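Have a look at the structure below, then the notes.
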Amino acid sequence: MLEKDNLNIFGESGDLDLGSSFDMADDLFGGAESIFSSEVKETVQPEKTPENSKSELTPEPVKEEINDLQTDISEAKPAAEENSAEQDDNPFEAAVAAAKEKKAEEIKSSLKDKLPVFVYGKANEEIADPSITFDKLRYEKSDDFPELDDAQAVKWKVEYGTVSKQISEPKKTTIASIKKDIEKSKEFTDGLAKKKTGKEEDIVCKITPCVAAKKKGFAAEYKGAYTSLADAIGKKKAICYVPSDDGNIYEVRNTKAGAFIAKAQKADVYQKVRAGFIPALPKIPECILKQIIAFFKSYVTEDYAVEAMAAVYWSEQRHRYEVYVPEQRVTGTEISAALPDLPEDEYTLVMEIHSHNRMSAFFSKIDNDDEKATRIYTVIGRLDKFFPQIRTRISVGGKFVEIDPSEVFEMRKNTFPDYWLDAVSIVGEHKEEQL
C-alpha cells in the first residue's frame, strides 16, 4: 500500500504526473516489475482533459491503493481522537470505574434468581410465583387488604435498585417480565456500579400497590356553613357549622325535636387553615442579614457583651429593603429604643431584629411584652460563635407563631459535587434523636 508521504506525486488538481518518461514510475513501483502492465501503458495518453485527467490517467491499481489509504486515514482519525481522549482521562478514575462495572455485573448475576417482594404497609413477603400478573397478585392479596379489591383504584409501582417503573397494563404484565426487563437495562447496571457500600441482599425488587383516593366533594349536600346560629337553625341542612366569638366552630344538627349544638371536632365545609406567614414582599437579601450580624458581633468582645437592635423597612419608591439603626441605650439584657413614625405609604416596617450577644437565641418575657404589633421579629444569639443562632417568629396582634428564618430571609443554597454522596451509606432507618 502507498505510504502517506508519497501522496505528493499528485498536483494540486489531483492528477498523477509521470513526467516525460516512466523513470519516476519505475522508481516508485519497482522498475520492470512495475504494477503497470504493457496494456495499461499503451492506454495512457500524454494529453490531459478535465474529463479524463483524474480517471483515465490514474491506473486502476493505483486507484485501489489510494482508496485503501484514504479509508485507513478516515478510520484511523476517530481511533486517534479516541486514544487522545483516553489519555486526557484520569487513569485512576478509569480503573475505579472499570472495577465498579465489573462488580455491578457480578451483583446483577446474583440477583437473577432472587424472588421479588410484595411490599404494602407493614407487609413484606416474597412472591413465590413471579410468573403471575400484577392484577392476579392484587386479587390474591385483596382478602387481607380489602382496599385492593377495586382494580380501577389500584396502581402498581416497581422499585428495583435505582430503577422505578409504573405498570400501565397490570392485567397483561407479569411480575417476572418486568423484573427481567429492569435487570437488562443500562440504568439498572449503572445504578449497581454506583451502589454505595452495603449488603447486596439489600437490593430487592419491590412490588408495591398504590391505592388511589376516592373522589370527594367539597362538602356533602346535607352539610352547610353559616355565619350565625340564627341562620343555621331551622334550615333544611341536617348538619350546619357556625363560627363562634370564642374562636371555635360549632356543629348544629337540625331534627324535628330541635337543634342540637356542640363544639365541632372537624368541619370539612371550611378550607384548611394553619397558622403561619404568607409573604407579599420579596425575601430579605442575604447580604442584609450578614451586615446586621456583623453589626451585632461588633458589640460582643472580650471586654463586654451587650445587645443591639435594627429595623428592616421596605421602600415603596425604591422597591428594596433598607436597614435603620435607631438611637438606643443597651445593656447585656435590655434595649431601650424608639422607631420613627414614617409615612406608611412610603415605608413599611417589615421586621424588628435584635441580638442576644453570647446568650442563645430565644424570645424573652420582655420580648413577649414588647412585640405586640403585627410584624416579623427575629433574635440572633451565640454571637461569640462562628455560626450564630437565629430564630424568627410572627406576631398576629400579640399572638406568636414561630417560623423558619428561611421563609423571610434569602438563603443561597450551597452546592457540592454529586459524587461526594456516593461515599456515604445510611444503614437502616434512624429517628432524629438517635443520630
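Keep in mind that what you see is a predicted model, and the values were worked out from it rather than measured. Numbering of residues begins at 1 and proceeds along the displayed sequence.
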Donor-acceptor under 3.5 Å (T331 side chain, T333 main chain): yes
task: Decide salt bridge (charged side-chain N to carboxylate O under 4.0 Å, His left out) for E159 and K157; before the verdict, give the C-alpha distance in whole Å, the side-chain angles of both, and the deciding distance to 0.1 Å.
output: CA-CA 7 Å; E159 294 179 304; K157 180 175 67 174; 3.8 Å; yes
query: Hey, what's the ring geometry for F362 with H356, parallel, tilted or perpendicular (30° and 60° as the breaks)?
result: perpendicular
task: For residues I175 and P116, report the shortest heavy-atom separation together with the two atoms involved.
output: CG2-CG, 3.7 Å
query: Do D135 and R138 meet the salt-bridge criterion of a basic N to acidic O distance under 4.0 Å?
result: yes
query: Hey, are D303 and T301 close enough side-chain-wise for a donor-acceptor pair under 3.5 Å?
result: no
- line: Applying salt bridge (charged side-chain N to carboxylate O under 4.0 Å, His left out) to K263 and not counting sequence neighbours gives none
Ion pair check, E169 and K171, cut-off under 4.0 Å: no
Side-chain polar contacts of residues 371-384 - donor-acceptor pairs under 3.5 angstrom, sequence neighbours left out - could you list them?
unit_1, atom_1, unit_2, atom_2, d
E371, OE1, R393, NE, 3.3
E371, OE1, R393, NH2, 2.9
T374, OG1, G397, N, 3.0
R375, NH1, E352, OE2, 2.9
Y377, OH, A373, O, 3.2
T378, OG1, T392, OG1, 3.0
R382, NH1, R358, O, 3.3

field: S131 and D129: side chain donor to acceptor below 3.5 Å
entry: yes
- prompt: Side chains of D246 and S244: is there a donor and an acceptor less than 3.5 Å apart?
  reply: yes
query: So do F134 and V158 actually touch side chain to side chain, heavy atoms under 4.5 Å?
result: yes
message: Return the CD1 to OG distance between I390 and S355, rounded to the nearest 0.5 Å.
response: 12.0 Å
query: Do the rings of Y120 and F118 sit parallel, tilted or perpendicular, given the 30° and 60° boundaries?
result: tilted
Minimum side-chain heavy-atom gap D370-N368 below 4.5 Å: no
query: According to the interplanar angle, ranging from 0 to 90°, do the rings of F188 and Y160 count as parallel (below 30°), tilted (30 to 60°) or perpendicular (above 60°)?
result: tilted
field: From CA spacing to verdict: side chain to side chain contact (heavy atoms under 4.5 Å, CB included), V312, E322
entry: CA-CA 6 Å; V312 181; E322 297 186 3; over 6 Å; no
